[in-house]
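Scroll down for the structure; my scribbles are underneath it.
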Protein chains: 2
Amino acid sequence: MTQMQRSDARSNRDRVLTAARETFAAAGLEAPVREVARRAELGVATVYRHFPTRTDLVTAVLAERVEACRRQMRRALDDTDPWRALSGMIEEFADRQIHDRALNEALLAPGGAAGAFAEQRREHVEAMNTLVARARAAGRLREGVGPEDVRAGLLAIAALRNLPSSTNAQVIGRLAELLRAGLRA
Amino acid sequence: MTQMQRSDARSNRDRVLTAARETFAAAGLEAPVREVARRAELGVATVYRHFPTRTDLVTAVLAERVEACRRQMRRALDDTDPWRALSGMIEEFADRQIHDRALNEALLAPGGAAGAFAEQRREHVEAMNTLVARARAAGRLREGVGPEDVRAGLLAIAALRNLPSSTNAQVIGRLAELLRAGLRA
DNA sequence: ACGGAAACGGAACGGATGTTCCGCCCCGGA
DNA sequence: TCCGGGGCGGAACATCCGTTCCGTTTCCGT
């Protein structure tokens with residue numbers, strides 16, 4: 001059923017997805033659907049045929065980013081050095097935020113357009129708890145630091161990404177370093 | 001000239017301001033003007049007569065908060081203990097963000113509705129530089145930490161305030177503590 | 001008490017955005 | 001090559017928001 005559609009329809013669906021990726025990354029998740037359609041050089045109706053509502057389109061784009069996040073977390077869990085795993089995770093997260101304006105909204109608005117990712121969020125939280133527990137067991141964490149602190153720090157990095165400033169990249173980098181210093185024993 | 005206006009006009013102006021304070025505090029600075037008018041039990045035109053544009057209304061509300069910030073910074077400059085001054089400033093800033101949903105947008109959007117506070121912003125930055133320089137001279141700061149790091153941290157706290165989550169207060173508190181730990185020698 | 005200027009309320013305008021409608025067009029099977 | 005039905009584009013509809021217009025009401029000096 002799924003594969004017996006017209007070839008132009010299939011290719012247009014890809015063009016919409018590509019355009020949506022680019023648009024959301026550059027202008028944020030609130031970018032108008034018309035903007036996506038324009039970038040794809042298609043009519044709005046075509047976008048809506050492939051993604052019945054704006055939320056479906058956003059969800060489709062976010063799914064890819066969330067999956068990338070999941071892979072990254074897997075790698076961190078495989079790291080044998082507890083502090084390097086945790087610290088590197090923070091740094092990669094910061095890098096990702098710098099280059100991708102869409103991802104943070106998936107993390108920042110649990111009830112919003114990204115409500116579909118509750119399961120992945122839970123998995124992510126669990127993995128983070130493991131990373132923190134390992135670093136703590138290895139004595140690399142400051143007294144009193146827990147998973148909530150790491151989570152607060154990541155949220156802060158993500159929230160910073162929303163600012164319209166052009167110096168965001170530097171500010172985010174500094175903040176990530178500052179957070180690592182605050183977590184370290 | 002200013003005081004020879006009709007009494008109803010003067011009292012309505014106050015009602016608008018009060019309603020704006022309440023509305024913006026509860027719903028954020030993007031709350032519709034109609035909402036302010038409704039809360040004041042006045043027509044929209046009345047709001048617009050006293051504050052020609054939405055920005056003027058926002059600015060009027062923010063001016064009060066900015067002034068409070070200025071007084072707080074003055075107190076920090078009077079503190080004889082450099083680290084306590086800097087650390088306390090961060091904590092008070094975090095507290096203020098928790099209780100005031102409007103203030104951060106004055107700090108986060110230099111070109112936005114709060115463009116009118118450029119002078120105060122400059123003064124604020126200068127005072128912060130002084131606080132950091134003193135703390136550094138007293139040897140209370142970690143190697144490599146500068147005013148930009150403190151500013152990044154405050155920005156992060158302010159940005160966090162924008163999240164719709166109900167656990168913001170705790171998260172902001174933790175973040176503030178984390179930042180202090182990251183700055184300390 | 002009265003009259004006019006100032007203030008008021010709410011409908012209306014203009015622009016943005018999500019979504020739907022509909023006539024035209026093109027793919028793909030015969 | 002021809003035809004039918006799904007696909008397409010863009011205008012149109014509905015909603016929301018900032019702002020303005022204008023007929024009506026209210027204050028206040030005389």
Side-chain angles (χ1 to χ4, degrees), chain A residues 1-20 22-24 26-62 101-102 105 109 111-116 164, chain B residues 1-20 23-24 26-62 102 105 109 111-116 164:
Chain A
M1 304 294 264
T2 312
Q3 56 270 42
M4 61 182 300
Q5 42 186 305
R6 271 164 51 169
S7 63
D8 57 343
R10 175 177 289 273
S11 97
N12 279 342
R13 188 178 199 281
D14 287 346
R15 293 183 62 175
V16 169
L17 259 184
T18 299
E22 296 171 359
T23 303
F24 290 151
L29 284 187
E30 333 81 25
V33 175
R34 280 170 175 78
E35 180 65 32
V36 175
R38 205 174 310 136
R39 186 182 283 257
E41 295 179 298
L42 293 169
V44 270
T46 302
V47 174
Y48 273 92
R49 190 164 316 101
H50 293 296
F51 302 93
T53 113
R54 171 203 173 66
T55 299
D56 293 327
L57 184 56
V58 170
T59 300
V61 169
L62 284 183
R101 185 165 173 177
E105 295 174 48
Chain B
M1 304 293 260
T2 312
Q3 57 271 41
M4 61 181 301
Q5 44 188 302
R6 270 166 51 170
S7 62
D8 57 342
R10 176 175 288 273
S11 99
N12 278 342
R13 187 179 201 281
D14 287 346
R15 294 183 61 176
V16 169
L17 258 184
T18 298
T23 303
F24 290 152
L29 284 187
E30 333 80 26
V33 175
R34 280 170 175 81
E35 180 65 33
V36 175
R38 206 174 308 137
R39 186 183 281 257
E41 294 178 300
L42 293 170
V44 272
T46 301
V47 174
Y48 273 93
R49 189 163 317 99
H50 294 297
F51 303 91
T53 112
R54 171 204 173 66
T55 299
D56 293 327
L57 184 57
V58 170
T59 300
V61 171
L62 284 183
E105 296 174 47

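Atom set for the values below is all heavy atoms of this structure, side chains included, hydrogens, waters and symmetry mates excluded.
Expressed to the nearest 0.5 Å, how far CD of A:Glu35 lies from OG1 of A:Thr23 amounts to 5.5 Å. The structure places CD of B:Gln5 at 4.5 Å from CZ of B:Arg10, a figure rounded to the nearest 0.5 Å.
For B:Asp14 (side chain) and B:Ser11 (main-chain N/O), no donor-acceptor pair under 3.5 Å exists by modelled atom type. Remark: side-chain polar atoms of B:Asn12 are not paired, donor with acceptor, to backbone N or O of B:Ala9 under 3.5 angstrom.
Put simply, the side chain of A:Leu57 reaches to within 4.5 Å of the side chain of A:Phe24, judged on heavy atoms.
Residues A:Arg39 and A:Glu22 approach most closely at NH1-OE1, 3.0 Å, considering heavy atoms.
Screening A:Arg49, A:Arg34, A:Arg38 for a side chain to side chain contact (heavy atoms under 4.5 Å, CB included) involving A:Val44 leaves a single residue, A:Arg34. Shown are A:Val58, A:Leu17, A:Thr46, A:Val36; of these, the side chain to side chain contact (heavy atoms under 4.5 Å, CB included) with A:Phe51 is made only by A:Leu17.
Whole-Å rounding puts the A:Phe51 CZ to D:dG7 P distance at 14 Å. The distance between atom CG of A:Asp56 and atom C1' of C:dT19, rounded to the nearest whole Å, is 13 Å. The CG atom of A:Leu42 sits 18 Å away from the P atom of C:dC25 (whole-angstrom rounding). Atoms CZ (B:Arg10) and P (C:dA7) sit 12 Å apart, rounded to a whole Å.
A close approach under 4.0 Å does not occur between any side-chain nitrogen or oxygen of B:Asn12 and OP1 or OP2 of C:dA7. Dashed line: the shortest gap from a side-chain N or O of A:His50 to OP1 or OP2 of D:dG7 is not under 4.0 Å. For the pair A:Thr46 and D:dG9, the criterion of a side-chain N or O lying under 4.0 Å from OP1 or OP2 is met.
Within the helix from C:dA1-D:dT30 to C:dA30-D:dT1, the inter-axis angle between the opening and closing five-pair segments is 0°, rounded to 10°.
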What is the per-nucleotide protein-contact pattern of nucleotides 17-27 of chain D, from the 5' end, where B denotes a base atom under 4.0 Å from a protein heavy atom, S denotes such proximity for sugar-phosphate atoms only, and - denotes neither? BBBBB----BS

